[in-house]
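This report concerns only the one structure given below.
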Amino acid sequence: MTTRDDRSLTAGAAPPRRKRLLLVALSLLATALFVGLGIWQVERRAWKLDLIARVEARLASPPVPAPGRAEWPALSRDADEYRRVTAQGRFLPDRAVRTLAVTEKGAGSWLLVPLVTEAGDTILINRGFVPPDWQAPPGGEEVVTVTGLLRLPEPGGGFLRSNDPARDRWYSRDVAAIAQARGLGPVAPYFIDADASGNRPGAPVGGLTVVAFRNHHLIYALTWFGLAALSGYAAYRALRER
């Protein structure tokens, strides 16, 4: 026969058991989530290492002609950025734009100048760094050859500020916005960071492109897997408790 005290003990044991089962379920759910995040970071690390290897191969390769109009639609960041390219044409110095830059030489600007090629394509060339008080020397209309790195646009702005075309204030190299502000018409969907081969006294300083990729994915993966181990251990302890 079941006494009143027995029924009270059974009723009192039910809530702790349900709480324990809920704790186990939540711990297992957290374990699965953390394992998934850890696997994702491992995959991201493999992708990043492959990207770094491809970019290093591009930097070590000889320059090739800059992509022409027919190639523009197929350009992508993963496949084309930091390719060494060359372009030949005439600068349009009166359409130049300065964008904010902070480099090893201090604060100043990148000087972006449109280049019209012999094929009629317009490409923005980042000729390099200029200090705030820099003035363009008088130049002619001679044909020049530019060698540098193909870069894809930086739309919107930078340094936590948005580009302001109306005031001619630029914080990123936004090709489309610059082309519209300067009335350039169709332009290449990339710009070229000029290398140091064209550096001359009093001219913009090229060759300052910093090629670096953050790769902390292994640390992130170990963190997620560690949290998964802790959650799994919490589930084990909850199941072992009487």
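Sequential numbering from 1 along the given sequence is applied to the chain's residues. What you see is a predicted model, and the numbers here were worked out from it, not measured in a lab.
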Review point. Do Gln180 side-chain atoms and Ala177 backbone N/O form a donor-acceptor pair below 3.5 Å?
Key: no
Check your understanding: Which heavy-atom pair separates Val146 from Ala194 by the least distance, and what is that distance?
Key -> CG1-CB, 4.1 Å
Check your understanding: Would you say the side chain of Phe225 lies within less than 4.5 Å of the side chain of Phe34, judging by non-hydrogen atoms?
Key -> no
Check your understanding: Between the side chain of Trp134 and the main-chain N/O of Ala203, is any donor-acceptor distance below 3.5 Å?
Key -> no
Exercise for review: Test Asp80 against Leu152 for side chain to side chain contact (heavy atoms under 4.5 Å, CB included), laying out the working first.
Suggested key: CA-CA 9 Å; Asp80 298 289; Leu152 293 187; 5.7 Å; no
Check your understanding: With hydrophobic residues grouped by side-chain heavy-atom distances under 4.5 Å, do Leu111 and Val144 end up in a single group?
Key -> yes
Check your understanding: Can you name the nearest heavy-atom pair linking Pro132 to Arg98, along with the distance?
Key -> O-NH1, 3.9 Å
Check your understanding: Hey, what do you get for CG (Asp78) to CG (Asp50), rounding to the nearest 0.5 Å?
Key -> 9.0 Å
Exercise for review: Would you check if the side chain of Arg169 reaches a backbone N or O of Asp164 as a donor-acceptor pair within less than 3.5 Å?
Suggested key: no
Point to revise | Between OG1 on residue Thr99 and CG on residue Asn126, distance to nearest 0.5 Å | key: 6.5 Å
Check your understanding: Under a 4.5 Å cut-off applied to non-hydrogen side-chain atoms, are Tyr190 and Ile123 in contact?
Key -> yes
Point to revise | same_hphob_cluster(Leu75, Val64) at 4.5 Å side-chain heavy-atom cutoff | key: yes
Practice item. Report yes or no: do Tyr233 and Leu26 belong to one cluster of Ile/Leu/Val/Met/Phe/Trp/Tyr joined by side chain heavy-atom distances under 4.5 Å? Key: no
Exercise for review: Drop me the distance from Thr117's OG1 to Arg69's CZ, to the nearest 0.5 angstrom.
Suggested key: 8.0 Å
Point to revise | Within-4.5 Å side-chain heavy-atom neighbours: Lys105 and Val205 | key: yes
Exercise for review: Determine yes or no for a side-chain-to-main-chain donor-acceptor pair under 3.5 angstrom, with Asn163 supplying the side chain and Pro165 the backbone.
Suggested key: no
Practice item. Of all the heavy-atom pairs spanning Ser172 and Glu154, show the shortest one and how long it is. Key: OG-O, 2.6 Å
Exercise for review: Verify side chain to side chain contact (heavy atoms under 4.5 Å, CB included) between Gln41 and Thr223, making sure each step is shown before the conclusion.
Suggested key: CA-CA 10 Å; Gln41 287 296 332; Thr223 300; over 6 Å; no
Review point. What distance do Glu43 atom CD and His217 atom NE2 have between them, rounded to the nearest 0.5 Å?
Key: 11.5 Å
Check your understanding: Taking C-beta and beyond as the side chain, do Asn215 and Arg45 meet within less than 4.5 Å on heavy atoms?
Key -> yes
**Study point:** Whether Trp224 side chain and Gly36 backbone form a donor-acceptor pair below 3.5 Å
**Key:** no
Exercise for review: State, to 0.1 Å, how close Ala87 and Ile192 come at their nearest heavy-atom pair, and which atoms those are.
Suggested key: CB-CD1, 4.1 Å
Exercise for review: In plain terms, say whether Asp94 and Arg182 are close enough for a salt bridge, that is, a side-chain N and a carboxylate O under 4.0 Å apart.
Suggested key: no
Exercise for review: Give the minimum heavy-atom separation between Arg77 and Pro153, together with the two atoms involved.
Suggested key: NH2-O, 3.5 Å
Point to revise | Arg90/Glu142 salt bridge by N-O under 4.0 Å criterion | key: no
**Study point:** Atom of Pro186, atom of Thr122 and distance for their closest heavy-atom approach
**Key:** O-CB, 4.0 Å
Review point. Can you find a pair of side-chain heavy atoms, one from Thr103 and one from Trp110, that are under 4.5 Å apart?
Key: yes
Point to revise | Heavy-atom check, side chain of Arg237 versus side chain of Ser27, under 4.5 Å | key: no
Check your understanding: Under a 4.5 Å cut-off applied to non-hydrogen side-chain atoms, are Arg84 and Leu149 in contact?
Key -> yes
Exercise for review: Would you kindly check if the NZ (Lys) or CZ (Arg) of Arg127 is within the cone defined by 45 degrees around the ring axis of Phe91 and under 6.0 Å from the six-membered ring centre?
Suggested key: yes
Check your understanding: Honestly curious: do Leu37 and Val35 fall in one hydrophobic cluster under the side-chain, below-4.5 Å linking rule?
Key -> no
Review point. Taking the side chain from Asp174 and the backbone from Gly156, do they hold a donor-acceptor pair closer than 3.5 Å?
Key: yes
Review point. Between Trp40 and Val42, does a side chain to side chain contact (heavy atoms under 4.5 Å, CB included) hold up when you go through it step by step?
Key: CA-CA 5 Å; Trp40 175 61; Val42 170; over 6 Å; no
Check your understanding: When rounded to the nearest 0.5 angstrom, what distance separates CG in Leu33 from CG in Leu28?
Key -> 12.5 Å
Check your understanding: Under the 3.5 angstrom rule, does the side chain of Thr86 hit a backbone N or O of Pro63 as a donor-acceptor pair?
Key -> no
Practice item. Decide yes or no for Val187 and Pro114: does some side-chain heavy atom of the first lie under 4.5 Å from some side-chain heavy atom of the second? Key: no
Exercise for review: Flag yes if Ile125 and Trp72 sit in one hydrophobic cluster, no otherwise; membership is Ile, Leu, Val, Met, Phe, Trp, Tyr, and two members link when side-chain heavy atoms are under 4.5 Å apart.
Suggested key: yes
Check your understanding: Roughly how far, to the nearest 0.5 Å, is CG of Leu115 from CG of Leu92?
Key -> 8.0 Å
Practice item. Look only at the side chain of Arg58 and the backbone of Glu81, and say whether a donor-acceptor pair between them is shorter than 3.5 Å. Key: yes
**Study point:** Heavy atoms from other residues, nucleotides or ligands near CZ of Arg54 exceed 12 (cutoff 6.0 Å)
**Key:** yes
